[in-house]
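Working notes for the structure below.
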Amino acid sequence: MILPSNSSTTEVSEFFLNCFIRSPSWQCWLSLPLSLLFLLAMGANATLLITIRLEASLHEPMYYLLSLLSLLDIVLCLTVIPKVLLIFWFDLRPISFSACFLQMYIMNCFLAMESCTFLVMAYDRYVAICHPLRYPSIITDQFVAKAAIFIVARNALATVPIPILSARLHYCQHNVIENCICANLSVSKLSCNDVTINRLYQFAGGWTLLGSDLILIFLSYSFILRAVLRLKAKGAAAKALSTCGSHFILILFFSTILLVFVFTHVAKKRVSPDVPILLNVLHHVIPAALNPIVYGVRTQEIKQGILKLRSMKW
């Protein structure tokens with residue numbers, strides 16, 4: 001929706017999310033798998049959280065970090081997917097300024113928190129594989145508490161300027177966001193002001209937070225791989241890799257889909273503008289649906305905990 005031209009000096013009061021304007025048929029076939037992925041993500045993460053909470057054998061630092069990851073996934077899904085489904089099903093496109101900038105902050109903040117959580121989990125696996133004798137003294141409950149405080153504080157503070165910089169802009173006439181979500185650049189480009197600072201901070205902040213996390217994560221796993229290759233005991237290498245295989249699979253998937261989104265956004269002249277929008281939406285639900293499933297399948301302790309809870313329920 002665009003306000004009349006004679007109101008060029010009047011600021012708009014709300015935004016309208018316009019999903020897949022160039023490929024409207026996408027909404028039809030995407031709504032069902034998206035809703036199923038959303039239900040799967042909510043149910044699987046809730047099951048994982050309840051299992052870790054009730055099963056005493058899972059009250060260990062590694063599973064506390066996994067609980068934190070599940071909480072972040074739930075918040076990200078609830079922040080993005082319900083609104084997208086409401087647009088698909090009921091054409092409820094309006095979103096208030098406050099709701100839009102709140103969604104923008106949560107998406108940027110919690111995505112960075114998730115990346116930082118993967119970093120701490122990679123460090124946990126590094127200590128477990130490379131320094132197994134020192135693991136109980138290094139990875140303690142106190143370490144997890146301090147790590148959680150660091151994860152929240154670093155990313156909450158570093159991402160605050162993103163919605164603030166967008167909210168300070170003046171939005172006149174154009175208020176239709178060509179996106180399914182309130183992404184910073186999609187919103188700020190509607191402004192009548194210069195948005196260079198917004199773009200620079202988004203770029204610098206994203207590569208500083210997520211880029212540094214990814215570099216340290218893959219550095220940790222390179223040390224782990226080197227240590228595993230030196231193990232000479234029969235079956236030791238396979239056992240060591242299995243303890244961190246699920247972590248690496250999810251981190252690799254998280255990194256891959258994020259990089260694909262970045263590259264398609266950069267090369268938007270060569271691909272449909274709806275492709276980055278689709279990847280951005282899927283990035284908020286597919287990792288959330290996969291994380292608890294991969295851990296539940298690959299981690300014996302979690303499988304046993306879920307089976308024990310099911311037997312107690314029946």
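By the 4.5 Å heavy-atom criterion applied to side chains, H284 and L111 are not counted as neighbours. Side-chain atoms of L40 and I293, non-hydrogen and from C-beta on, do get closer than 4.5 Å to each other. Between L69 and M121, some side-chain heavy-atom pair lies under the 4.5 Å cut-off. A 4.5 Å side-chain heavy-atom check between C100 and V187 finds at least one atom pair inside the cut-off. Using a 4.5 Å heavy-atom cutoff, the side chains of P82 and F38 are in contact. At least one side-chain heavy atom of L190 sits under 4.5 Å from a side-chain heavy atom of I177. Between M42 and L78 there is a side-chain heavy-atom pair separated by less than 4.5 Å.
Panel note: side chain T140, backbone S137; no donor-acceptor pair is recorded below 3.5 Å. H170 places no side-chain N or O within 3.5 Å of a backbone atom of N193 that could act as its donor or acceptor partner. Of the possible donor and acceptor atoms, none in the side chain of E14 sits under 3.5 Å from a partner among the backbone N and O of I95. Judged by distance alone, the side chain of R93 and the main-chain N or O of L17 form a donor-acceptor pair under 3.5 Å. Judged by distance alone, with hydrogens and angles left aside, the side-chain atoms of N108 form no donor-acceptor pair with the main-chain N or O of T159 at under 3.5 Å. Panel note: side chain T208, backbone G205; no donor-acceptor pair is recorded below 3.5 Å.
Rounding to the nearest 0.5 Å gives a distance of 5.0 Å between CD1 of I277 and CG of D274. Expressed to the nearest 0.5 Å, how far CD1 of I162 lies from CE of M104 amounts to 8.5 Å. A distance of 13.0 Å separates CZ of R199 from CD1 of I197, quoted to the nearest 0.5 Å. To the nearest 0.5 angstrom, H283 atom NE2 is 12.0 Å from M107 atom CE. Taking CG of L66 as the reference point, atom OG1 of T117 lies at 10.5 Å (rounded to 0.5 Å). Summarising the geometry, atom CG belonging to L169 is positioned 14.0 Å from atom NZ belonging to K189; distances are rounded to the nearest 0.5 Å.
With hydrophobic clusters built from ILVMFWY side chains whose heavy atoms lie under 4.5 angstrom apart, V120 does not share a cluster with I215. A continuous path of Ile, Leu, Val, Met, Phe, Trp and Tyr side chains, each step under 4.5 Å between heavy atoms, connects W29 with L34, placing both in one hydrophobic cluster. Grouping the Ile, Leu, Val, Met, Phe, Trp and Tyr side chains by contacts below 4.5 angstrom, directly or via other members, places F90 with L85. Hydrophobic cluster membership differs between L290 and L36, with clusters built from Ile, Leu, Val, Met, Phe, Trp and Tyr side chains linked at under 4.5 angstrom. Both Y221 and I138 sit in one connected hydrophobic cluster of ILVMFWY residues. Membership requires side-chain heavy atoms under 4.5 Å apart, directly or through other members.
Heavy-atom minimum distance, A158 versus L209: CB-CD1, 3.9 Å. C116 and I151 get closest at one heavy-atom pair: SG-CG1, 3.7 Å. Nearest heavy atom pair, residue N45 against residue S70, reads OD1-OG, 3.1 Å. When all heavy atoms of A288 and C77 are compared, the closest pair comes out as CB-SG, 3.6 Å. The two residues F101 and S166 have their closest heavy-atom pair at CE2-CB, 3.7 Å. The heavy-atom pair separating A156 from C109 by the smallest distance is CA-SG, 3.7 Å.
Centroid-to-centroid, the aromatic rings of F143 and Y123 come within less than 6.0 Å. Here Y171 and F15 bring their ring centres to under 6.0 angstrom of each other.
Below 30°, between 30° and 60°, or above 60°: for F88 and F20 the angle between ring planes is between 30° and 60°, a tilted geometry.
Remark: the Y135 side chain and the D124 side chain contain an N/O donor-acceptor pair separated by less than 3.5 Å. Looking only at atom types and distance, the side chain of Q202 has a donor-acceptor partner in the side chain of N184 under 3.5 Å away. S188 and N198 form no side-chain donor-acceptor contact under 3.5 Å, judged by distance and modelled atom types alone.
Dense packing is recorded around CZ of R168, with more than 12 heavy atoms of other residues, nucleotides or ligands lying under 6.0 Å away. Under a cut-off of 6.0 angstrom, the local environment of CZ in R154 is crowded, with over 12 non-hydrogen atoms contributed by other residues, nucleotides or ligands.
In summary, D141 and K146 do not engage in a salt bridge, as defined by a charged side-chain N under 4.0 Å from a carboxylate O.
Side-chain heavy-atom separations under 4.5 angstrom define the hydrophobic clusters, and L200 shares its cluster with no other residue.
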